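Keep in mind the model is a prediction, meaning the values are calculated, not measured. Both counts, for ligands and for their atoms, begin at 1 and track the order of listing. The chain is numbered in sequence order, starting from 1.
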Amino acid sequence: MSAPQALQVTAIPAFADNYLWLIHDQQHAAVVDPGDAAPIEAALRSLGLKLNAILLTHHHADHAGGVAELLAQWAVPVYGPAGENINGVSRPLREGDRVDLTALGLQLSVLDVPGHTSGHIAYVAAEQHWLFCGDTLFAGGCGRLFEGTPAQMTKSLAKLAALPDDTLVYCAHEYTLSNLRFAVAAEPDNADLTSRLAQAQQMRERGESTVPSTIGLEKRTNPFLRYREPSVLQTMRANGRLNSDDPVAAFAALREWKNGFR
Ligand SMILES: [Zn+2]
């Protein structure tokens, strides 16, 4: 028997700006949010991997659209949110559940993070300090509230912000530059943020991915984790976007502002 290889996470770009995440040990693989099967099949072939599991964070087609095609090739369990009706899910999950991928030696715990969709879940690999958070937390931003409320989203983001600072944030889109441009508008005097934007611009010019980020960096620079900071509140009050002391109202106003920001 060969010695077990260290687990690694590989980004599989898909569509305009999605990242599908392949977790593997050179032999076995699990895929997070396979919106498209073709690039996953190509990666499995070129890396010589056997698919062992599919993990879904929420029902949107750019996250779950490749499931049926993958299942036609691979008889594997499909983990997904118990609170959403997704074709192919065989292992419905809710907060507190654990996923034990024995072939990979990987254990994940599940968090309920409603807001972007009503049943959205996130996967935490506590040993590796990895977070797979779909469209809940982005590098420099957060998902739009399509189904959930601002109150739900603030609670969901607080759960993610409570993870260790060195947790790698594997979110599902390369939205970082536009998120950080908005972040600078919301908090112009945050030096960590302006240097992050400059760094992200250089990375994108070199064609590099800005994901994963870390929870520590998000806490220092992401306005959707910083909506209670006086600096952010002051900007929103100064431009007439906030006339309340309620933190959820501040979060909602910030999200509204971002929705219309170009
Ligand atoms: Zn989505």
Side-chain angles (χ1 to χ4, degrees), residues 9 11-23 30-40 54-70 78-89 91-95 108 110-124 130-161 168-180 182 209-213 218 222-225 251-252 254-256 258-261:
V9 183
I12 311 293
F15 310 115
D17 49 34
N18 282 69
Y19 291 127
L20 324 182
W21 296 110
L22 200 63
I23 309 167
V31 63
V32 183
D33 284 349
D36 191 2
I40 297 299
I54 297 171
L55 302 159
L56 305 178
T57 62
H58 66 294
H59 67 83
H60 286 158
D62 62 323
H63 295 253
V67 169
E69 210 176 315
L70 288 173
V78 181
Y79 298 87
E84 298 187 354
N85 193 7
I86 309 175
N87 276 341
V89 169
R91 309 282 180 91
L93 300 169
R94 55 184 81 249
E95 182 149 319
L108 300 160
V110 176
L111 294 173
D112 283 332
V113 288
H116 176 69
T117 61
S118 61
H120 201 304
I121 59 173
Y123 298 90
V124 178
W130 294 339
L131 166 68
F132 299 92
C133 54
D135 289 351
T136 298
L137 176 65
F138 289 127
C142 76
R144 279 182 190 250
L145 304 184
F146 287 120
E147 298 171 11
T149 64
Q152 284 179 318
M153 192 60 149
T154 56
K155 278 189 199 160
S156 297
L157 292 171
K159 289 180 194 176
L160 304 184
L168 293 170
V169 178
Y170 291 97
C171 59
H173 288 274
E174 178 67 57
Y175 287 161
T176 314
L177 274 190
S178 65
N179 283 340
L180 292 177
F182 171 75
S209 166
T210 64
V211 182
S213 150
E218 295 311 318
N222 187 326
F224 294 98
L225 300 182
F251 179 87
L254 191 67
R255 188 58 256 185
E256 263 317 295
K258 172 72 168 72
N259 290 347
F261 187 82

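Residue Asp135 approaches the Zn ion (ligand 1) most closely through its N/O/S atom OD2. Per residue His60, closest N, O or S atom to the Zn ion (ligand 1): atom name ND1.
Using the six-membered ring where Trp is involved, His60 and Phe146 have ring planes that are perpendicular, over 60° apart on the 30 and 60° scheme.
The environment of CG in Asn85 is sparse: at most 12 heavy-atom neighbours from other residues, nucleotides or ligands sit within 6.0 Å.
Evaluated for a side-chain hydrogen bond (donor to acceptor under 3.5 Å, both in side chains) with Glu147, the options His58, Gln152, His120, His59 yield exactly one hit, His59.
Residue contacts to the Zn ion (ligand 1): Asp62 brings no N, O or S atom closer than 2.8 Å. The Zn ion (ligand 1) does not have His63 among its coordinating residues (no N/O/S atom, backbone or side chain, under 2.8 Å). When distances to the Zn ion (ligand 1) are checked against a cut-off of 2.8 Å, His58 contributes an N, O or S atom below that limit.
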side-chain contact (heavy atoms from CB on, under 4.5 Å) evaluation trace for Leu225 with Leu160: CA-CA 10 Å; Leu225 300 182; Leu160 304 184; over 6 Å; no
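Aromatic pair Tyr19/Tyr170: ring centres not closer than 6.0 Å.
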